[in-house]
Every structure is written in C-alpha cells, then in structure tokens.
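Read through the structure below, which is laid out as structure tokens, and then see the notes.
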Amino acid sequence: MKVIIAEKPSVAREIAKVFGATTKKDGYMEGKGYTFTWAFGHLLQLAPPQEYGFYGWNVQNLPMLPPKFKLSIRKVKTKEGMVDDPSVKKQLDIIKGLFDEATEIIVATDAGREGELIFRYIYYYLKCKKPFKRLWISSQTDEAIKEGFRNLKPGSDYDTLFNSAHCRSQSDWLVGMNATQALSLSSGTRAVLSLGRVQTPTLAMICSRFLENKNFVPQLYYQAAIQVDKEGQTFRAMSVESYKTKEEAQKIIDDVEDVASGFPTGGYVINVEAKPRKEPPPLLHDLSSLQQEANKKKGFTADQTLTLLQGLYESKLVTYPRTGSRYIGDDVFAEVPALLAKFTNHPDFGKQANLLLQSKLNKRSVNAKKVTDHHAILPTGETAHQLTPDKQAIYDLVVGRMLEAFNQDCIKEVTKITVESGSKFTASGTVIHTAGWRAIFNEADEEKKDEENASLPKVVQGEHLPVTNKALLEKQTKPKPLYNEASLLKALETAGKEIDDEELRYAMKESGLGTPATRAAIIETLIKRDYILREKKNLVPTATGLSVYNVVKSQKIAQAELTGTWEKRLEEIRSGASVADFQEEIKTYTRTITRELLQAGTLMKNT
DNA sequence: GCAAGGTC
C-alpha cells in the first residue's frame, strides 16, 4: 500500500479525487490501493528549552545551545497551561498507523521549504524508515496532479531543501529564545520582552515611523490659486511654483489680472494637453492585498480578515487563503468563464458578470510562472448561504476583485490646462471615458489629489477667459503617516527593497519579512506583548515598545537585513553548501546577542 | 513566560 501525505486536508481530498478514491476514514481517505492522509500544517515543533534541561528563566542557562534539537507535538493553550494539542496527537497516531502499513510514502506537502519541513519532522519524529518519493506541483488542478504523479522525484532530491528548512527553524529558535530571555531577565521587569528575527524589525519599523512622525517639523509654504470661468463653468488653477515666504506668493497674487482688478478676460490659455491614459485592472488578490483592502474599506484587522477568509475556505466558498501569489495559471483561467457564469444572478455583481462574459477577458492576472505553492484567491462558485455580514463583506471583496481583474482597462483622459495671468497657473482634471474594471465597485480613485478638478470645461489654446477669483494659500509639508495595518502589511512585503547590498536585496525579494500566513500573527504578537496598540486605525508603539526599540534599534536583530542574510545562506544550503558552517555562525551570533542584551537590558530600568 | 513557521 502506498500512502500519500499532504500538508492539509483540502489538498489530500483533491488528490484522492483525481485517483477516484472516495472512501472516507477517520483522518484519511482510501481507494485504488492508496491511502491519502494529511497534516494540519506543522504538527511538530522544536522542543522548548526545558526539554534540554534549561529549566525556568535563568541567566545561568544563557545562551541556551541544545547539542541536538528535539521535536515535540504542537502545543495548545489551556487552563492548565500549554499541553499537546489533542487533535494533532490523534492525527499523528493515524499517520503512524498508515506509515507502519506502507510500502512507500509519497510526499505531497506544499512544494517549498516549509512543506518539506512539515513532512520530514513527522517522518523523523515517528522514526519512520519507509522509502519516500516527492510530488512536486505548483498547481492543484487535476491535470497538474496527474502530471506530478507521472513525474515523482526521489525523496533524497530534497535533502538539501530540508537542511535549509531545518536551519531556518533552529536559527529562529536559538536567536529568538535566547534574545527574549536575555532581554526579559536583564530588564528587571517581570514582563516577557520577546525578540525575534521578524517581530523585532517589525516593531522597529513602527517605532521609527512613529518617532519620525512625532518629531516632524512642518514647513510652511505658499501657493497662489485662481478661479477661471469658461462660460459659467469655473475651474481652479494653481501657481506652478510654491513659495517659502508669504511676500513672494503675494506678489504673484498682485500680478493676477482678475476681473475685480479691471481685466475682463485676463486669463490667457497658453496650453491644453489632453492625454488618454489606460489604467489596467488590479491583479487578483493574494492574502496580503486582501487584508490591506479589507482594512482600508471595512476597517478589519489583518487577523480578522484571515479568520473570516479561513471560514469561507472551510465552507468551500473560496480557494486557499494563505497564498502569496496574485496570479493563476492557464488551467485555472480556462475555468473562469464557467465560474463567472455562477455569478450572473448575484444581486450586486450579476449585471457586471453578464457583461464580462460577453467580452474578452483580461489576462493580466494569468501567469503560470508567478503561481507559487498556491494561486491567487478566487471564489469557488459554490453557493453561499446566509453568511454573517463580515464574512459576506470579505466574500464580496473576493468576488468583486475577480470581476475587476478579468475586466477591461479603464480609459481616462487626463487634461492639463496652463493659464497665464501675470504668471503661470495649471489646472488638471481626469475624465473617465470607459470605466472598464472601475465599474465593479464604482468608487472614486483613491489616489486622486485634492487639488485635482473632477472635470474641466472644454477650453482651447489661445482663449482669453475671465479670472473671477484669486487666493493666497498657506500650506504645510506633511510627515510620513503613521503605520496602519494596511500600510504595515505592505511594508512587510516589500521590506528589504531598500537594502543597499544587492545580494541581500535579491535574497529577500520574493519573501519580505514574515510570510502571508504569519504576518497577521506578528501584529497580534506585538500587541499581546504590549509593544504596540491600535489607536483608531493606526498602529502606535507603547512606552514599553519604545524602550525595547531604544535598546535594540542599532542591533542586527532589529534590521530586516538579518532575514536577507539568512535567506542568502539558506539558499546556498539548498544548493548544497555546508550546513555546519551556517550553524556555527548562528551559534556565535546567539552568544553575542545574548551577551549584549544581558548588558543592554539593564539600561531599560533607567529609561 | 519565550521564535517563526504552518493550519483547523
């Protein structure tokens, strides 16, 4: 008997379906001589410090460097403290039973570093010795699964991938556990002051933006504005220059040849530019972009959106939620017309779905090369019954985005009018000719500047128009805004883009800080530690957060670059480089940062 | 009491 093990039940079910296996058992399925079982993500984790004899939180134990890491069952929090998660324990027992019976194992966890780790941790924890092969597919359509099974790889092909995954895991443990205890113990507070490769740079981003914003000194500047009249329709034009002093701007105002100053047509149109502009539809959603949009439009936190979306996924209404890809492959695209047809009776989107079915679909979101473990989020087309208002809101964002993404470009005309009246003034305006994808939600362009006119009257070069009003405007330069959940998620995704070192930047380009599956949890961790709090929609540091930031801000652990350095080394390990060298470096770094924090934390008492 | 990673 061959056992196929997937990362999660939904994938195991998909594969079983392709094989025509339909017999459902407790924790697995079977049929056609195969059994199909699954994990629920990581079932096992590196064992906590006490399992290596490091009891309590004690400076004597630091740095904790276990000679050999152990694995333990994922824990769950109960009234009695942390205990083995019973559902995990049960599933592991089921897997063990199946592995014991197996002649061969086929590894069908997600095709990536963590997927490999999920399987290997189970395999080694169960002390299993059965031979295994690897299914490596990047899309879960029937055809992709069949092709993958025709092309199974030897399990050992992925040994170096496991090595890199195991190193990632150990390194995060060593640095995180030791740094956390070192800072917590030396600070003298009884609180847990956690630090980690991902959470600490995230905290640093929030704190540094907060301080920059708080210490920002606004600069005053001045601009002149005029109101021009074209046959009763007026528009506002701004001085091309802005001025540091009021006097300079007043001079521009004084020179304006307005009606009140005795010039009936003192506005000379010296130029009219009208350019059509195509605006392509947005890409389909990945988790992060959906979390950002839901935060902007509905005020949901990243964590709320993930929970709601997981609920929709479990009711089979949307595809896999924790994806980092905004694309679909050609195989999924082929199903899109049938999918759209399921929404032609939708109360809000029905009309748009019908229209879209009659036109050529935009393929901007179709790119198989940009589909990683999972494709972009789509509705499945199953009928939704009685969703809670919040779930409905998320579902509608997913459906609406699908309709946008396959829609036509929005065609705009951007007009710029230059008027001379003493000096030069410009007015710009945008008119939408063909709404295209913008018809779906029918919302104003959020990027539209407040100075922009919604629409401008038709004027031609050479016209002399009356200037009916003028004003001197006092303005202030603005600081970068505080982070909110949407802007922080985006910053985490792109963290590393500004790294100077080209190799580190490259190593981080696909990853950023954290992963789609973990970013919401990172924000919640910082809140739980009382490092940050939500103030309206903004994320601002607390006094505790700021004092931790002050202690670590110039250390490596507070820089996104640390992830870049690790990613570069982990990729080298995946290509066969020495594991021992990197492990030795991490140990050395662990000793250093532990020593530094044991000293630095004492400073916190005085801040 | 602690990391980051995955998922029900």
Side-chain angles (χ1 to χ4, degrees), chain A residues 6-12 27 38-51 54-58 61-64 69 71 74-77 81-82 85-88 90-91 109-110 112-122 164-185 187 189-202 287 306-307 309-311 313-315 320-324 373-374 492 511 513-522 524-526 528-530 557 562-563 566-567 570 586 590 593-594 597:
Chain A
E7 180 154 331
K8 43 193 169 268
S10 64
V11 175
W38 52 78
F40 311 111
H42 277 295
L43 302 182
L44 298 156
Q45 58 189 14
L46 295 180
Q50 61 269 25
E51 297 201 25
F54 306 121
Y55 297 108
W57 288 40
N58 192 334
N61 288 334
L62 302 185
M64 302 175 287
F69 274 99
L71 295 171
R74 183 212 294 166
K75 303 293 184 286
V76 68
K77 205 167 209 162
M82 303 297 273
D85 184 327
S87 68
V88 168
K90 181 180 171 203
Q91 189 64 17
T109 49
D110 290 356
R113 196 165 74 195
E114 292 305 322
E116 191 63 28
L117 192 61
I118 285 169
F119 166 70
R120 299 277 184 135
Y121 274 179
I122 295 171
S164 78
H166 196 27
C167 274
R168 197 278 309 145
S169 179
Q170 293 174 344
S171 305
D172 277 325
W173 191 104
L174 287 169
V175 172
M177 295 291 189
N178 283 293
T180 298
Q181 287 200 15
L183 183 66
S184 303
L185 289 169
S187 73
T189 66
R190 248 182 287 278
V192 174
L193 300 177
S194 67
L195 298 174
R197 171 179 60 85
V198 175
Q199 63 172 268
T200 306
T202 307
L287 174 61
L306 176 53
T307 303
L309 195 62
Q310 173 71 19
Y313 168 66
E314 285 168 17
S315 343
Y320 180 74
R322 292 175 212 84
T323 176
D373 288 355
H374 305 277
L492 289 175
S511 55
L513 265 182
T515 69
T518 58
R519 288 190 188 117
I522 293 161
E524 299 304 318
T525 296
L526 294 177
K528 195 165 82 189
R529 299 272 175 270
D530 189 33
I557 197 171
L562 182 63
T563 293
W566 287 18
E567 287 297 339
L570 292 169
I586 293 292
T590 301
I593 190 168
T594 304
L597 288 169

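Residue numbers begin at 1 in each chain, while the letters A, B, ... track the order of the sequences. On a predicted model such as this, the values are computed, not experimentally measured, just so you know.
In the set dC2(B), dG5(B), dT7(B), the nucleotide with an atom closest to the side chain of K8(A) is dT7(B). The side chain of M177(A) lies closest to dA3(B), out of dA3(B), dT7(B), dG1(B). Side-chain proximity of Y313(A) to the nucleotides dC8(B), dT7(B), dG5(B) is greatest for dC8(B). Side-chain proximity of Y320(A) to the nucleotides dT7(B), dA4(B), dA3(B) is greatest for dT7(B). Side-chain proximity of W57(A) to the nucleotides dT7(B), dC8(B), dG1(B) is greatest for dG1(B). Nearest nucleotide to the side chain of P9(A), out of dG5(B), dC2(B), dC8(B): dC8(B). Between dT7(B), dA4(B), dC2(B), one nucleotide has an atom nearer to the side chain of A517(A) than all others, and that is dT7(B).
W566(A) places its CH2 atom 13 Å from the P atom of dA3(B), with the value rounded to the nearest Å. The interatomic distance linking D172(A) (CG) with dA3(B) (P) rounds to 10 Å, in whole Å. As rounded to whole Å, 18 Å separates atom P of dC2(B) from atom CG of L597(A). To the nearest angstrom, P of dG5(B) lies 13 Å from OH of Y121(A). Remark: C1' of dA4(B) and CZ of F69(A) are 13 Å apart, rounded to the nearest angstrom. When rounded to the nearest whole Å, the span between CG of L117(A) and P of dT7(B) equals 13 Å. We find that CG of L62(A) is positioned 11 Å from C1' of dC2(B), with the value rounded to whole Å. What separates CD of E567(A) from C1' of dG5(B) is a distance of 12 Å, to the nearest Å.
Counting non-hydrogen atoms under 4.0 angstrom, V192(A) reaches a base of the nucleic acid. F54(A) comes within 4.0 angstrom of no nucleic acid atom, judged by non-hydrogen atoms across all strands. When heavy atoms are screened at a 4.0 angstrom cut-off, E114(A) is found touching the sugar-phosphate backbone but no base atom. Counting any heavy atom pair closer than 4.0 Å across all strands shown, L46(A) reaches a base atom. Residue G115(A) is classed as having no contact, given no heavy-atom separation below 4.0 Å to the nucleic acid. Using a 4.0 Å heavy-atom cutoff across all strands shown, E116(A) reaches no nucleic acid atom at all. Looking at heavy-atom distances under 4.0 Å, D110(A) makes contact with sugar-phosphate atoms alone, never a base.
With sequence neighbours excluded, the residues satisfying ring pair (Phe, Tyr, Trp, His ring centres under 6.0 Å) with Y320(A) are Y313(A), H374(A). Evaluation of the side-chain contact (heavy atoms from CB on, under 4.5 Å) rule for A517(A) yields R322(A), T515(A) as partners, not counting sequence neighbours.
The phosphate of dT7(B) (OP1 or OP2) has a side-chain N or O of R322(A) nearer than 4.0 angstrom. Regarding contacts with the backbone of dA3(B), every side-chain N or O of Q45(A) stays at 4.0 angstrom or more from both OP1 and OP2. Phosphate proximity of dG5(B) to R197(A): present, with a side-chain N or O under 4.0 Å from OP1 or OP2. Remark: S194(A) is in phosphate contact with dA3(B), judged by side-chain N or O atoms under 4.0 Å from OP1 or OP2. Applying the 4.0 Å criterion to OP1 and OP2 of dG5(B), one finds that T518(A) has a side-chain N or O inside that range. Look at Q199(A) and you'll find a side-chain N or O under 4.0 angstrom from OP1 or OP2 of dA3(B). Note on R529(A): a side-chain N or O is less than 4.0 Å away from OP1 or OP2 of dC2(B).
Ring geometry, F69(A) versus W173(A): the interplanar angle exceeds 60°, so the pair is classed perpendicular (tilted spans 30 to 60°).
Between Q181(A) and F40(A), the residue anchored closer to the 5' end of DNA chain B is Q181(A), taking for each the nucleotide with the nearest heavy atom. Between Q50(A) and I522(A), the one whose closest nucleotide on DNA chain B sits nearer the 5' end is Q50(A).
Across R197(A), R113(A), R168(A), a single residue satisfies salt bridge (charged side-chain N to carboxylate O under 4.0 Å, His left out) together with E567(A), and that is R113(A).
Aromatic stacking is not marked for W173(A) over dA4(B), as the cut-offs of 5.5 Å for the centres and 30° for the planes do not both hold.
For the pair T525(A) (side chain) and A521(A) (backbone), a donor-acceptor distance under 3.5 Å is present. Under a 3.5 Å cut-off, the side chain of T180(A) and the backbone N or O of L195(A) do form a donor-acceptor pair. Between the side chain of D172(A) and the main chain of G196(A), no donor-acceptor pair closer than 3.5 Å is present.
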